[in-house]
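One structure is given below, encoded as structure tokens.
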Amino acid sequence: MTDAAALPGQPRGGVLSGPATARAVNVLAPNASAMTLDGTNTWILAESDSDLAVVVDPGPLDDIHLRHVIDTAERAGRRVALTLLTHGHPDHAEGAARFAELTRTNVRALDPALRLGDEGLEAGDVIAVGGLELRVVPTPGHTADSLCFHLPADRAVLTGDTVLGRGTTVVAHPDGRLGDYLDSLRRLRSLTADDGVHTVLPGHGPVLDDAQGAVEYYLAHRAHRLAQVETAVEDGYRTPAEVVAHVYADVDRSLWPAAELSVRAQLEYLGEHGIVELPE
């Protein structure tokens, strides 16, 4: 058995649902799969002395889960006052409209199509609810609309699918772009170096207690995969499917369709930067 402290980001063991920091509680959605790991992490955020809470990523359209989130907040003496989305993938956002109906809250997101209410989310926004402060950090790459939320009081960042608690994420081409994703990882690295962030509250998987280590691992992993894809193309593997079969041969084949999205993003990046010449 591998010591969790030796793994990238130092993932916490034990049950995923429950308190993670002084201000963050996770309610795990029942949608586990190869892509969603243990399920979607729905985060309830609140100051200890406040009766108001913010919920990030209500998750799938599952009434039992959505009501469980509300019940969890209410058992702590809190009312959900606002709903936020890290991005629009269904496992994070499909239940948002129903959750807003149940809680009578607005939904704020970067993508206008996902919003309910007059306010969206933009880079640099500061969200203040019941004394809680969240700062919006733009992190496109996994998707064009991906955001993270910096929780300064807990020295934590909620990363959605930009950084996971286990494994690595997909650059969901064509909406996701590798260049954007690498810039986003560097932005998160700056949060760890300049703003003292040490905890990652991910959209899937366990909490990570070494945010800087996690981000450095992601950057190194991306550089390694990019080099592998470049070599594969030079060796004559031309289509995304061919590159996946060669580069991701050690990965479960059920994940190859997702890997192909990342490969397409990597091939686009290599072509745009003139590193490899791709066929039309």
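Under the 3.5 Å distance criterion, the side-chain polar atoms of Thr159 are left unmatched by any main-chain donor or acceptor of Thr162. Judged by distance alone, the side chain of Arg166 and the main-chain N or O of Gly205 form no donor-acceptor pair under 3.5 Å. Judged by distance alone, with hydrogens and angles left aside, the side-chain atoms of Arg264 form no donor-acceptor pair with the main-chain N or O of Pro174 at under 3.5 Å. Checked by atom type and distance alone, the side chain of Thr21 never pairs as donor or acceptor with a backbone atom of Asp154 at under 3.5 Å. In this structure, Thr40 contributes its side chain and Asp91 its backbone to a donor-acceptor pair below 3.5 Å. Side chain of Arg108 to main chain of Gly120: a donor-acceptor pair is present (N/O by atom type, distance under 3.5 Å, no hydrogens or angles). At distances below 3.5 Å, not a single donor-acceptor pair connects side-chain atoms of Thr83 with backbone N or O atoms of Val55. Looking at Trp256, its side chain never comes within 3.5 Å of a backbone N or O of Ala241 through a donor-acceptor pair.
Every residue meeting the ring-ring contact (aromatic ring centres under 6.0 Å, His included) condition with His273, not counting sequence neighbours, appears here in chain and number order: Tyr269. Contacts of His92 classified as ring-ring contact (aromatic ring centres under 6.0 Å, His included), with partners at least two apart in sequence or in another chain: His87, His204. Qualifying ring-ring contact (aromatic ring centres under 6.0 Å, His included) partners for Tyr248, counting only residues two or more places apart in sequence or in other chains: none.
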Q: Let me see the working for Val207 and Leu201 under side-chain contact (heavy atoms from CB on, under 4.5 Å), right down to the final yes or no.
A: CA-CA 5 Å; Val207 171; Leu201 305 176; 3.9 Å; yes

Q: Step by step, work out the side-chain contact (heavy atoms from CB on, under 4.5 Å) result for Asp161 and Thr86.
A: CA-CA 8 Å; Asp161 283 355; Thr86 61; over 6 Å; no

Q: Please lay out, stage by stage, how Val170 and Met35 fare under the test side-chain contact (heavy atoms from CB on, under 4.5 Å).
A: CA-CA 9 Å; Val170 171; Met35 289 298 296; 4.0 Å; yes

Q) What's the verdict on side-chain contact (heavy atoms from CB on, under 4.5 Å) for Val263 and Val247, showing C-alpha distance, side-chain angles and the deciding distance? A) CA-CA 9 Å; Val263 165; Val247 173; 5.8 Å; no

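Across all their heavy atoms, Leu61 and Glu94 have their closest contact at N-OE1, 3.4 Å. Gly165 approaches Pro202 most closely through the heavy-atom pair N-CB, 3.5 Å. Summarising the geometry of Ala214 relative to Leu208, their closest heavy-atom pair is CB-CD1, 3.7 Å, with the distance given to 0.1 Å. For Pro58 against Leu84, the heavy-atom pair with the smallest separation is CD-O, 4.2 Å. Of all the heavy atoms in Leu66 and Phe99, the pair that sits closest is O-CE1, 3.7 Å. A pairwise comparison of heavy atoms in Pro11 and Pro8 identifies CD-O, 3.6 Å as the closest pair.
To the nearest 0.5 angstrom, Asp111 atom CG is 9.0 Å from Thr143 atom OG1. Note: Arg104 CZ to Arg79 CZ = 10.5 Å, rounded to the nearest 0.5 Å. Atoms NE2 and NE2, from His173 and His142 in turn, are 14.5 Å apart once rounded to the nearest 0.5 Å. Rounding to the nearest 0.5 Å places CG of Leu185 at 11.0 Å from OG of Ser190. How far SG of Cys148 is from CG of Leu188: 4.5 Å, rounded to the nearest 0.5 Å. To the nearest 0.5 Å, the span separating CG on Leu147 from CG on Leu110 amounts to 5.0 Å.
By the rule that hydrophobic residues join a cluster once side-chain heavy atoms approach within less than 4.5 Å of another member, Val229 and Leu219 end up as members of one cluster. Leu132 and Ile44 fall into different hydrophobic clusters, defined by Ile, Leu, Val, Met, Phe, Trp and Tyr side-chain heavy atoms under 4.5 Å apart, directly or through other members. Cluster membership for Val244 and Leu267, using ILVMFWY side-chain heavy atoms within less than 4.5 angstrom, is shared. At a threshold of 4.5 Å between side-chain heavy atoms, the hydrophobic network of Ile, Leu, Val, Met, Phe, Trp and Tyr places Val200 and Val56 in two separate groups. Both Leu255 and Leu178 are assigned to one and the same hydrophobic cluster, defined by single-linkage of ILVMFWY side chains at heavy-atom distances under 4.5 Å.
For the side-chain contact (heavy atoms from CB on, under 4.5 Å) with Phe149, the qualifying choice from Val157, Asp125, Leu134 is Leu134, the only one to do so. For the side-chain contact (heavy atoms from CB on, under 4.5 Å) test with Val80, the passing option among Leu102, Thr105, Val54 is Thr105; the others fail.
Side-chain heavy-atom separations under 4.5 angstrom define the hydrophobic clusters, and the remaining members of the one that includes Leu16 are Leu28.
Within the structure, the salt bridge (Lys or Arg N to Asp or Glu O under 4.0 Å) test picks out the following pairs touching residues 176-194 (sequence neighbours left out): Arg177-Glu268, Arg177-Glu272, Asp183-Arg186, Arg189-Glu216. Legend: salt bridge (Lys or Arg N to Asp or Glu O under 4.0 Å) pairs involving residues 46-60, not counting sequence neighbours, sorted by first then second residue: Arg23-Glu47.
By the 30° and 60° cut-offs, the orientation of the rings of Tyr218 relative to Tyr181 is tilted.
Sparse packing is recorded around CG of Asp118, with 12 or fewer heavy atoms of other residues, nucleotides or ligands lying under 6.0 Å away.
Using a 4.5 Å heavy-atom cutoff, the side chains of Val69 and Thr103 are not in contact. Pro140 is listed as a side-chain neighbour of Ser184, based on a closest heavy-atom distance under 4.5 Å. Considering only heavy atoms from C-beta on, Trp43 comes within 4.5 Å of Asn26 through its side chain. At least one side-chain heavy atom of Arg135 sits under 4.5 Å from a side-chain heavy atom of Val126. In this structure, His68 and Thr42 have side chains that are not in contact, with every pair of non-hydrogen atoms separated by 4.5 Å or more. Contact check for His221 versus Arg225: side-chain heavy atoms found under the 4.5 Å cut-off. By the 4.5 Å heavy-atom criterion applied to side chains, Ile127 and Leu121 are counted as neighbours. Counting heavy atoms from C-beta outward, Thr168 and Tyr217 have side chains that approach closer than 4.5 Å.
For Arg67 and Asp71, the salt-bridge test fails: no basic side-chain N is under 4.0 Å from an acidic carboxylate O.
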